[in-house]
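These figures come from a predicted structure and were not determined experimentally.
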Amino acid sequence: MGRGATQRDTMGRNLALELVRVTEAAALQAGRFMGRKDKEAADQAAVDAMRSVLATIAMDGIVVIGEGEKDEAPMLYIGERVGSASGPRVDIAVDPVDGTRLLANGMPNSLTVIAVAERDTMFSSPDIMYMDKIAVGGDAAGVIDIDVPIAENLARVAAAKRREIRDLTVVVLDRPRHERLIDDVRAAGARIKMITDGDVAGAVMAATAGTGIDMMVGIGGAPEAVVTACALKCLGGDMQCRLWPRNDEERVAVVEKSIDISRVLYLDDLVRSNDVFFAATGITDGELLRGVHYFGDGATTQSLVMRSKSGTVRKIDATHQLAKLRQYAPNDFD
């Protein structure tokens with residue numbers, strides 16, 4: 001029995017490193033499109049590389065957070081089966097390019113991201129595509145409350161970190177819907193880092209030492225919230241969300257399907273599993289990860305890989321000899 005438990009745990013650890021292969025391949029392909037103003041081609045390149053490597057991993061995976069429904073293929077679609085074995089049985093969340101506009105414009109902090117958890121443990125929101133969110137790191141876990149004003153949350157976080165509010169930096173997506181929120185953050189005295197896209201990276205930075213970010217707030221994608229929750233479970237961070245209907249169609253769905261948009265969603269609501277894997281590779285340089293740097297027929301990448309069960313967080317610097325990689329995976333490293 002002891003030997004079997006050890007073998008299962010070893011397979012789990014190996015899965016974490018296999019996932020880095022997925023994000024590295026996606027970043028190496030998508031990185032070719034940096035600054036080329038072609039979001040669709042960059043996203044497709046990342047998806048193709050992800051799908052190819054996922055097919056080689058010994059697992060039975062179902063994509064629960066992906067690029068839409070099956071009829072939108074060739075993107076990694078919701079319900080797609082990936083992996084080369086009958087187990088472990090897992091849910092998979094993918095964001096082939098977190099920050100497609102950032103990548104297309106050659107801006108910082110675009111990532112390729114994947115998260116994996118036990119089967120049937122990830123939250124799904126097929127009808128409401130956005131959420132109101134607040135996320136912090138482990139040093140402020142347990143003090144935030146999405147129901148109180150942002151000034152109160154800033155005061156709580158500052159107290160938990162033993163700082164002044166003016167020392168805090170808050171990440172907010174640059175959107176018209178956040179004008180009042182931004183005014184309130186400024187009025188409270190905190191600093192603001194505006195981002196055009198990529199709120200997964202913003203929340204992970206808030207939970208990672210050395211990034212200079214203390215909190216992420218605002219309305220962003222619901223699928224990204226689940227991916228973020230996986231990362232924060234690994235990092236010991238905290239997050240609260242609430243579904244946010246963005247248009248009349250979604251408001252009708254709320255009524256017809258009796259969706260409770262007043263309900264606060266906590267980390268355990270977004271991902272119930274306590275054995276979660278998260279991997280991300282930088283595409284463009286940023287505060288969280290260095291992007292892909294090409295040299296001749298090679299490239300370097302920097303990745304983050306984490307597991308909630310062990311609490312292990314690894315940052316991996318890799319050098320890729322693309323000519324050698326093409327010998328056994330020609331489509332992933334063009």
Approximate separation, where rounding is to 0.5 Å, of His178 NE2 and Asp174 CG:
10.0 Å
Considering only heavy atoms from C-beta outward, does the side chain of Leu76 approach that of Arg51 to under 4.5 Å?
yes
Does any non-hydrogen side-chain atom of Phe123 lie less than 4.5 Å from one of Leu265?
yes
Residue pair Lys133 / Gly221: nearest heavy atoms and the distance that separates them:
NZ-O, 2.7 Å
Identified side chain to side chain contact (heavy atoms under 4.5 Å, CB included) partner of Ser110 from the options Leu289, Val292, Ile283:
Ile283
Assess whether a salt bridge exists between Asp132 and Arg242, defined as any Lys/Arg side-chain N lying under 4.0 Å from an Asp/Glu carboxylate O.
no
Smallest heavy-atom separation, Leu103 atom then Ala30 atom, equals CD2-O, 3.7 Å
Ignoring hydrogens and geometry, is there a side-chain-to-backbone donor-acceptor pair from Asp269 to Tyr266 under 3.5 Å?
yes
Arg166 atom CZ, neighbour heavy-atom count above 12 within 6.0 Å:
no
Please confirm whether the backbone N or O of Tyr77 pairs with a side-chain atom of Glu80, one donor and one acceptor, at under 3.5 Å?
yes
Determine, using the 4.5 Å side-chain heavy-atom cutoff (strictly less than), whether Val53 and Val82 are members of one ILVMFWY cluster.
yes
Between atom CE of Met129 and atom CD of Glu249, what is the distance when rounded to the nearest 0.5 Å?
11.0 Å
Assess Arg32 against Tyr294: is NZ or CZ under 6.0 Å from the centre of the six-membered ring, and within 45 degrees of the ring's axis?
yes
Taking Thr208 for its side chain and Val204 for its backbone only, find out whether a donor-acceptor pair lies under 3.5 Å.
yes
Does a side-chain heavy-atom distance below 4.5 Å link Lys39 with Arg101?
yes
Show your working on side chain to side chain contact (heavy atoms under 4.5 Å, CB included) between Val97 and Val113 and close with a plain yes or no.
CA-CA 7 Å; Val97 181; Val113 175; over 6 Å; no
In this structure, are over 12 heavy atoms from other groups packed under 6.0 Å from Met59 atom CE?
yes
Could you tell me whether a side-chain N or O of Ser303 sits under 3.5 Å from a main-chain N or O of Thr281, the two making a donor and an acceptor?
no
Got a donor-acceptor contact below 3.5 angstrom from the Glu18 side chain to the Ile57 backbone?
no
Same cluster or not: Ile92 versus Phe277, using hydrophobic residues (I, L, V, M, F, W, Y) connected whenever any side-chain heavy atoms lie under 4.5 Å apart?
yes
Begin from the C-alpha positions of Arg119 and Ile62 and carry the test side chain to side chain contact (heavy atoms under 4.5 Å, CB included) through to its verdict.
CA-CA 8 Å; Arg119 179 68 52 82; Ile62 294 180; 3.6 Å; yes
Does Gln44 reach the main-chain N or O of Glu40 with its side chain, forming a donor-acceptor pair under 3.5 Å?
no
Between atom CZ of Arg163 and atom CG of Leu154, what is the distance when rounded to the nearest 0.5 Å?
12.5 Å
What's the separation between atom NZ in Lys233 and atom CG in Leu267, rounded to the nearest 0.5 Å?
6.5 Å
Residue pair Asp197 / Gly99: nearest heavy atoms and the distance that separates them
CB-CA, 3.9 Å
Side chains of Val116 and Asp91, heavy atoms from C-beta outward: is any pair under 4.5 Å?
no
Mind checking the CZ-CG spacing from Arg81 to Leu54? Nearest 0.5 Å is all I need.
13.5 Å
Heavy-atom distance under 4.5 Å between the side chains of Val94 and Met50, does that happen here?
yes
Residues His320 and Thr300: side-chain donor-acceptor under 3.5 angstrom:
no
May I ask whether Ile134 and Val200 are part of the same hydrophobic cluster, defined by side-chain heavy atoms of I, L, V, M, F, W, Y residues being less than 4.5 angstrom apart, directly or through others?
no
Any side-chain donor paired with an acceptor under 3.5 Å for Asn274 and Lys309?
no
Is there a chain of hydrophobic side chains (I, L, V, M, F, W, Y, each step under 4.5 Å between heavy atoms) that links Leu168 to Ile150?
yes
Of all the heavy-atom pairs spanning Ile144 and Asn153, show the shortest one and how long it is.
CA-OD1, 3.4 Å
Taking the side chain as every heavy atom from C-beta outward, state whether Val217 and Val170 have any pair of such atoms under 4.5 Å apart.
yes
Are Asp167 and Arg191 ion-paired here, with the side-chain N under 4.0 Å from a carboxylate O?
no
When you measure from the side chain of Asp38 to the backbone of Ala41, do you find a donor-acceptor pair of N or O atoms at a distance under 3.5 Å?
yes
Atom pair OG1/CD of Thr112 and Glu24 - distance to nearest 0.5 Å:
10.5 Å
Verify side chain to side chain contact (heavy atoms under 4.5 Å, CB included) between Ile182 and Arg186, making sure each step is shown before the conclusion.
CA-CA 6 Å; Ile182 291 167; Arg186 288 171 175 158; 3.4 Å; yes
Knowing that exactly one of Val227, Val313, Thr23, Ile114 qualifies, which makes a side chain to side chain contact (heavy atoms under 4.5 Å, CB included) with Phe278?
Val227
Going by the salt bridge (Lys or Arg N to Asp or Glu O under 4.0 Å) test, which pairs reach into residues 275-291, not counting sequence neighbours?
Lys193-Glu287, Asp275-Arg307, Arg290-Asp317
Same apolar cluster: Val226 and Val90, side chain cutoff 4.5 Å:
no
Does Met239 reach the side chain of Thr228, with side-chain heavy atoms less than 4.5 Å apart?
yes
N-O pairing of Arg180 and Asp183 below 4.0 Å:
no
If you compare all heavy atoms of Ala115 against all heavy atoms of Met122, which two are closest, and at what distance to 0.1 Å?
O-CE, 3.7 Å
Closest approach of Val47 and Pro96, non-hydrogen atoms and distance?
CG2-CG, 3.5 Å
Stepwise side chain to side chain contact (heavy atoms under 4.5 Å, CB included) test for Ser124 and Val64:
CA-CA 7 Å; Ser124 177; Val64 298; 5.9 Å; no
Does any part of the side chain of Asp214, heavy atoms only, come nearer than 4.5 Å to the side chain of Val136, both counted from C-beta?
no
